[in-house]
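Before any comments, here is the structure.
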2 protein chains.
Amino acid sequence: MANLKIPDHQVAGHQAKTGILGPLIDGSGKFYKPLQDDGRGSHELAFYTSLYSDPRIPSNILNLFPNFHGTQVVEASDGSGLHPHLVMEDIAGSFTNPAVVDFKIGSRTWHPQSSEDYISKCLKKDRESSSIKLGFRISGLRSVSPSNQCWQPQRKFLMDLSAEDVRLMMRKFVSSDGNADQPDCVFASRVYVHVLEELLVLKKWFEVQTIFHFYSCSVLVVYEKDETDEKKRAKAVLKLVDFAHVVDAKGAIDHNFLGGLCSLIKFVKDVLAGLGVDEISNPKP
Amino acid sequence: MANLKIPDHQVAGHQAKTGILGPLIDGSGKFYKPLQDDGRGSHELAFYTSLYSDPRIPSNILNLFPNFHGTQVVEASDGSGLHPHLVMEDIAGSFTNPAVVDFKIGSRTWHPQSSEDYISKCLKKDRESSSIKLGFRISGLRSVSPSNQCWQPQRKFLMDLSAEDVRLMMRKFVSSDGNADQPDCVFASRVYVHVLEELLVLKKWFEVQTIFHFYSCSVLVVYEKDETDEKKRAKAVLKLVDFAHVVDAKGAIDHNFLGGLCSLIKFVKDVLAGLGVDEISNPKP
């Protein structure tokens, strides 16, 4: 196992740095996430295992999860030596110039069985961020303009956005230059019409599934900004990520995730409607 | 203003007793709810006023709210003399033998602008009850059997029900005798097929409306248990009630209410499916 490196395009979660444990990529489509010691790693591993062995999950839903390749012991990013990692699909890996946004879904990121300490910590963040207000928050966002300007707002800035701010961020995300005062939204219909389709597929499943409750899980959206790459620019990719806090549904739907998902769907529709894009089938450029 | 009396069929909220301030009915279709001093009363009044003057609310949605008749100063139930009351439709008033259930919708009953004390109090209740787990809780339930046996479980008992318990309560609610070990569910299709239709109308609105967020609001379902009354037994009535904690939506849908509503919808569908009732259009007896 050689040539693992720190990913360029990660926008949320623990990030690897010298001396800091974080995810790695192998440059040929795989993403290595260190197994966290506190049970979260083994929890995420257990989730992937049950997800891919549960016959109740329809294949169109499985497509919205990253491919999973088990665990592997590799050299950790912090130089501490060998460490077990979850090995999964590197979602941004196949793109030339990927733009990435991470929506952490749900107004509540903790579940009832969490420790009191963990609940207090999460509740504080949910209240300080837009999670309680909007049902989701933007955890990270990254985009590089054609002139090679990287636009990656600080996490702190992204935390507490109003509904209006979120719509603006979502317009900037699909613009050639996210830093521009007037977002041109040139990628809006290409990205959001497809994202909306995928979100509606997810919604339909979340209205009935009583298998899992997903806390602190994100919808990741990646699209190709390199206009010369005809094949890759065809479609945005949408995947669910981060399953360290998935719990058994105990007979009820995941109303917390579904509520946040429906809120995000409304934002996507608002952005499309604001641009005069017919969201159903016939996107105008 | 004469002959105001304490309602028999109230299942949740502050209840009037000798010396206790609570709602009254006039026996001819009106329900008098004392204006609470702490701002909740004026808040609910403001909500009704804006609801019935807002041209954005479709008429099929307005039908799901109680009719409102302004305020009136009447003798309070606690013998303290004259007190201002909100005057609204007495939803159970036109029934001979009403069965009533109150579903408090949303996994969170507090909004971000609430005081810290109020948030702590609500959060504790939301965690102790089924609200966090299921996205709603049964706040009250009342039904009288043909042999005049009243079934009204204690509030404390109703607070923390599992998903399985809630399905059982919902089956008992549509049975001739709620206390029976084996609920006969004779009223199930008559009640829940219509309830489901109304909930789906609500859901459609909540997926798009960015006018109000409804915290601590309930869906009240009432149906006629007196089988001799052909006219009244025709349809269950579903109304939203309790608007002391409705706030401005600030540009996002009410993901908290919508999530809980979708959860309740799934429970209604489960109960119907368990009885082999085709939920769509052709209910079997």
So what's closer than 4.5 Å to chain A heavy atoms on Phe136(B): side chain, backbone, both or neither? neither

Ile132(A) and Pro112(B) have their tightest heavy-atom pair at CG2-CG, 3.5 Å

Indicate the atoms forming the closest heavy-atom contact of Ala252(A) with Ser263(B), along with that distance. CB-OG, 4.5 Å

Could you give all pairs that pass the side chain to side chain donor-acceptor pair (under 3.5 Å) test and reach residues 51-60 of chain B, with sequence neighbours left out? Asp54(B)-Arg56(B)

For Asp248(B), enumerate each residue passing the salt bridge (charged side-chain N to carboxylate O under 4.0 Å, His left out) test, keeping only those at least two apart in sequence or located in another chain. none

Which residues in residues 104-111 of chain A have any heavy atom closer than 4.5 Å to a heavy atom of chain B? Ser107(A), Arg108(A), Trp110(A)

Region of Leu258(B) that comes under 4.5 Å of a non-hydrogen atom in chain A: side chain

Residues 42-50 of chain A: residues contacting chain B (heavy atom under 4.5 Å, by number): none

Among Glu164(A), Lys133(A), His213(A), which residue forms the greatest number of heavy-atom pairs with chain B at distances under 4.5 Å? Lys133(A)

Using a cut-off of under 4.5 Å for heavy-atom pairs, which of Ser162(A), Gly260(A), Cys262(A) has the most such pairs with chain B? Cys262(A)

Exercise: identify the closest heavy-atom pair between Lys266(A) and Thr210(B): NZ-CG2, 4.0 Å

Salt bridge flag under 4.0 Å for residues Lys203(A) and Glu207(B): yes

